[in-house]
Amino acid sequence: LAPAYAVVLVRRRAYGALAWLAVIPAGLFVFCMFCALRFGDFFAYLRPHGGKLARLMPFGFLPVLFEKGLYHQVEFYILLALVYAVGTFRLRAQFPVLFWYCVFELTLLICVSTEDWSRYFLAMAPFALVVGFRELIDTRFFRWALPVVAGLGIYYAWGVIPLNGCRPDIYLRLLAHLG
């Protein structure tokens, strides 16, 4: 949020308010200080995920998926990034703070080398998807199609959730182990 507000404040020439932006990361800084005192490592909170940021390269994990032959997943991630990018740029005129927040978030997440984009993108979903596509959401077709799509999503999830993404053979061994 801080970079997004900073861009908007600089464009509005409200330089006096820039100092207040230090409040946004203050909580994270205090927590990192706690980590330094408790664990002896200022970056202990960030360290478990440092490998994902080690190679800040756009779409850095897609070559691995190509090598495994998981082309449908590659298509999913490219389409996911495209939908969020379109939603983000639809915010540009009316919602400058949300626009810049989503630009910075999208840029960072595209460079994060993880296959967990769906979850990471949730931080900007209300803005890029809901606000960005608000005209589409207000249409009569969308109001009729949403219950159908939601019902199909629930039907799909109902069959997948018991396995929780686990391979069936591992799931059966787990059930046997649990008794």
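We number each residue from 1, following the sequence as shown. We use all heavy atoms of the structure for the numbers below, so side chains are in, but hydrogens, waters and symmetry mates are not.
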Exercise. Return the minimal non-hydrogen interatomic distance between Phe95 and Val131, and the atom names on each side.
Key: CE1-CG1, 3.6 Å
Self-check item: Which atom of Glu105 lies closest to which atom of Ala123, heavy atoms considered
Solution: OE2-CB, 3.9 Å
Quiz item: In the hydrophobic clustering (ILVMFWY, side-chain contacts below 4.5 Å, transitive), which residues join Val148, or is it alone?
Solution: Leu152
Practice problem: To the nearest 0.5 angstrom, please state how far the SG atom of Cys32 sits from the CZ atom of Phe43. | Solution: 7.0 Å
Exercise. Please write out which residues are connected to Leu174 in a hydrophobic cluster, directly or through intermediates, given that two of Ile, Leu, Val, Met, Phe, Trp, Tyr count as joined at side-chain heavy-atom separations below 4.5 angstrom.
Key: Leu178
Quiz item: Around atom OH of Tyr15, are there more than 12 heavy atoms of other residues, nucleotides or ligands at under 6.0 Å?
Solution: yes
Practice problem: Working to the nearest 0.5 Å, report the span between CG of Leu79 and OH of Tyr84. | Solution: 13.0 Å
Quiz item: Can the ring centres of Tyr101 and Tyr5 be said to be less than 6.0 Å apart?
Solution: no
Quiz item: Between atom CD1 of Ile78 and atom CH2 of Trp117, what is the distance when rounded to the nearest 0.5 Å?
Solution: 8.0 Å
Quiz item: What do the steps show when you test Ile110 against Leu106 for side chain to side chain contact (heavy atoms under 4.5 Å, CB included), and what is the final call?
Solution: CA-CA 6 Å; Ile110 283 177; Leu106 185 65; 3.8 Å; yes
Quiz prompt | Nearest-0.5 Å distance, CZ of residue Arg38 to CE of residue Met33 | solution = 15.5 Å
Quiz item: Has Phe39 got more than 12 heavy atoms of other residues, nucleotides or ligands less than 6.0 Å from its CZ?
Solution: yes
Self-check item: Heavy-atom check, side chain of Gln73 versus side chain of Lys68, under 4.5 Å
Solution: no
Self-check item: For Leu122 against Pro126, the heavy-atom pair lying closest together
Solution: O-CD, 3.4 Å
Quiz item: Mind checking whether Ile24 and Leu18 sit in one hydrophobic cluster, side chains of I, L, V, M, F, W, Y counted as touching below 4.5 Å?
Solution: yes
Exercise. State plainly whether one hydrophobic cluster holds both Phe61 and Tyr71, where clusters connect Ile, Leu, Val, Met, Phe, Trp and Tyr through side-chain heavy atoms under 4.5 angstrom apart.
Key: yes
Quiz item: Any side-chain heavy atom of Thr107 sitting closer than 4.5 Å to one from Phe104?
Solution: no
Quiz item: Should the pair Tyr45 and Phe31 be assigned to parallel (<30°), tilted (30 to 60°) or perpendicular (>60°) ring geometry?
Solution: perpendicular
Quiz item: Measuring from Leu80:CG to Phe121:CZ, what's the distance to the nearest 0.5 Å?
Solution: 5.0 Å
Quiz prompt | Heavy-atom pair with the smallest gap, counting every atom of Pro96 and Arg12 | solution = CG-NH2, 4.1 Å
Quiz item: Got Val103 and Val7 here, is their nearest side-chain heavy-atom distance under 4.5 Å?
Solution: no
Quiz item: Can you name the closest pair of heavy atoms from Ile137 and Phe142 and give their distance?
Solution: O-CD2, 3.4 Å
Quiz item: CG of Leu65 to CZ of Phe59: how many Å apart, nearest 0.5 Å?
Solution: 12.0 Å
Self-check item: Joint hydrophobic cluster, Val86 plus Phe127, side-chain heavy atoms closer than 4.5 Å
Solution: yes
Quiz prompt | Chi angles and distances behind the side chain to side chain contact (heavy atoms under 4.5 Å, CB included) call for Arg90, Glu135 | solution = CA-CA 10 Å; Arg90 290 175 55 97; Glu135 292 94 4; 2.5 Å; yes
Quiz prompt | same_hphob_cluster(Phe34, Phe42) at 4.5 Å side-chain heavy-atom cutoff | solution = yes
Quiz item: Which atom names give the shortest non-hydrogen contact between Thr88 and Phe99, and what distance separates them?
Solution: O-CD1, 3.2 Å
Exercise. Report the residues that fulfil side-chain hydrogen bond (donor to acceptor under 3.5 Å, both in side chains) with Asp169, sequence neighbours left out, ordered by chain and then residue number.
Key: Arg167
Self-check item: Cluster link Val83 to Tyr120, ILVMFWY, side chain under 4.5 Å
Solution: yes
